[in-house]
Amino acid sequence: QVQLVESGGGLVQAGGSLRLSCAASGRTFSSYAMGWFRQAPGKEREFVAAITWSGGSTHYADSVKGRFAISRDNAKNTAYLQMNSLKPEDTAVYYCNADLSLPRLRTGTANYWGHGTQVTVSS
């Protein structure tokens, strides 16, 4: 079993930056692919980014490529999402997830999810 807790959300102006953190506990963190999804009010949950268990491969939604960067520090059992050049359309609740299967994680069916952190970008 893995527990995930997100932090780092907040209110930021368009063009600004935030770094989200996802602290994991339970099973060996380094065994899991990690990812971020987001969900805005009235919209479906959307894939944002993912990283393999080794950190050797990253994946991004087209909407965030070049602006967001996912990373992980297995020694700290923590994954991160660095968000730069934020836009109002990035406003959403951001959820961290984890799974032994990266493909399953990317489709939104990961076994483990955090409870989310709110990111609000003002124009």
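FYI, side chains are in, hydrogens and waters are out, and symmetry mates aren't considered; it's all heavy atoms of this structure. Treat the numbers as computed from the prediction; the structure is a model and nothing was measured.
Lys65 pairs by the side chain to side chain donor-acceptor pair (under 3.5 Å) definition with Asp62, not counting sequence neighbours. Every residue meeting the side chain to side chain donor-acceptor pair (under 3.5 Å) condition with Thr107, not counting sequence neighbours, appears here in chain and number order: Thr109. Considering only residues two or more places apart in sequence or on other chains, Tyr60 meets the ring-ring contact (aromatic ring centres under 6.0 Å, His included) condition with none of them. The side chain to side chain donor-acceptor pair (under 3.5 Å) test applied to Thr120 returns Gln118, not counting sequence neighbours. With sequence neighbours left out, Ala33 forms a side chain to side chain contact (heavy atoms under 4.5 Å, CB included) with Leu102, Leu105. Under the side chain to side chain donor-acceptor pair (under 3.5 Å) criterion, Ser101 pairs with no residue, sequence neighbours left out.
Under the 4.5 Å side-chain contact rule for hydrophobic residues, Tyr95 and Leu4 do not share a cluster. Taken together through direct or relayed side-chain contacts under 4.5 Å among Ile, Leu, Val, Met, Phe, Trp and Tyr, Val119 and Phe68 form part of one hydrophobic cluster.
Between Tyr32 and Tyr112, the two ring planes are perpendicular [angle over 60°; tilted spans 30° to 60°].
Under the disulfide bond (SG atoms under 2.5 Å apart) criterion, no residue pair touches residues 57-92, with sequence neighbours excluded. Every pair tested for salt bridge (charged side-chain N to carboxylate O under 4.0 Å, His left out) that includes a residue from residues 5-15 fails, sequence neighbours excluded, so the list is empty. Counting only residues at least two apart or on different chains, the salt bridge (charged side-chain N to carboxylate O under 4.0 Å, His left out) pairs with a member in residues 88-98 are Arg38-Asp90, Arg67-Asp90. Annotation: salt bridge (charged side-chain N to carboxylate O under 4.0 Å, His left out) contacts involving residues 92-107, sequence neighbours excluded, comprise Asp99-Arg104. Legend: ring-ring contact (aromatic ring centres under 6.0 Å, His included) pairs involving residues 38-57, not counting sequence neighbours, sorted by first then second residue: Phe37-Phe47.
Distance check, rounded to the nearest 0.5 Å: CD of Glu46 to OH of Tyr94 gives 8.0 Å. From Asn77, atom CG reaches atom OG of Ser25 across 8.0 Å, with rounding to the nearest 0.5 Å.
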- Message: Does Ser85 form a side chain to side chain contact (heavy atoms under 4.5 Å, CB included) with Lys87? I'd like the steps, not just the answer.
- Response: CA-CA 7 Å; Ser85 301; Lys87 304 175 181 179; over 6 Å; no
- Task: Please test Trp36 against Met83 for side chain to side chain contact (heavy atoms under 4.5 Å, CB included), starting from the C-alpha separation and ending with a verdict.
- Result: CA-CA 12 Å; Trp36 292 91; Met83 304 186 295; over 6 Å; no
For residues 8-22, dump all side-chain donor-acceptor pairs below 3.5 Å to protein atoms at least two apart in sequence or in another chain.
unit_1, atom_1, unit_2, atom_2, d
Ser17, OG, Asn84, OD1, 2.8

